[in-house]
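Just the heavy atoms: all of them, side chains too, but no hydrogens, waters or symmetry mates, feed the values below.
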Amino acid sequence: MGTTWGTIGGVFGVSLGVTVLVVVMFSLGVAAWARSGGGAPRHGAHRGRSERVAAAAAVACFAACLATAAYGIDLIVPG
């Protein structure tokens with residue numbers, strides 16, 4: 001039984017890439033959420049278009065992180 005170092009390197013590369021992608025997506029989601037006002041109610045003022053777009057971008061980033069984590073758990077847990 002031998003060790004296939006190329007395969008181990010490939011797994012390491014994909015794992016590192018996905019990890020960096022999830023961290024970047026989560027960071028962009030936090031930044032967009034802060035730009036949108038963080039969900040805090042504004043006293044009588046309507047939300048502007050840029051705030052709504054930032055909130056939608058934050059939700060999309062968080063959903064992408066959640067989907068990636070759920071897919072990883074699905075790969076690990078047999079079922």
Search all heavy atoms of R35 against all heavy atoms of E51 and return the closest pair with its distance. O-CG, 4.3 Å
Quiz: residues 65-79 side-chain donor-acceptor pairs under 3.5 angstrom, not counting sequence neighbours:
{"residue": "T68", "atom": "OG1", "partner": "A64", "partner atom": "O", "Å": "2.8"}

I8: which residues meet the side-chain contact (heavy atoms from CB on, under 4.5 Å) condition with it, sequence neighbours left out? T3, W5
Tell me whether F62 at atom CZ has more than 12 heavy atoms from other residues, nucleotides or ligands lying less than 6.0 Å away. yes
Which residues pass the side-chain contact (heavy atoms from CB on, under 4.5 Å) test with A57, sequence neighbours left out? A32
Which heavy atom in W33 sits nearest to a heavy atom in A58, and how many Å separate them? N-CB, 3.6 Å
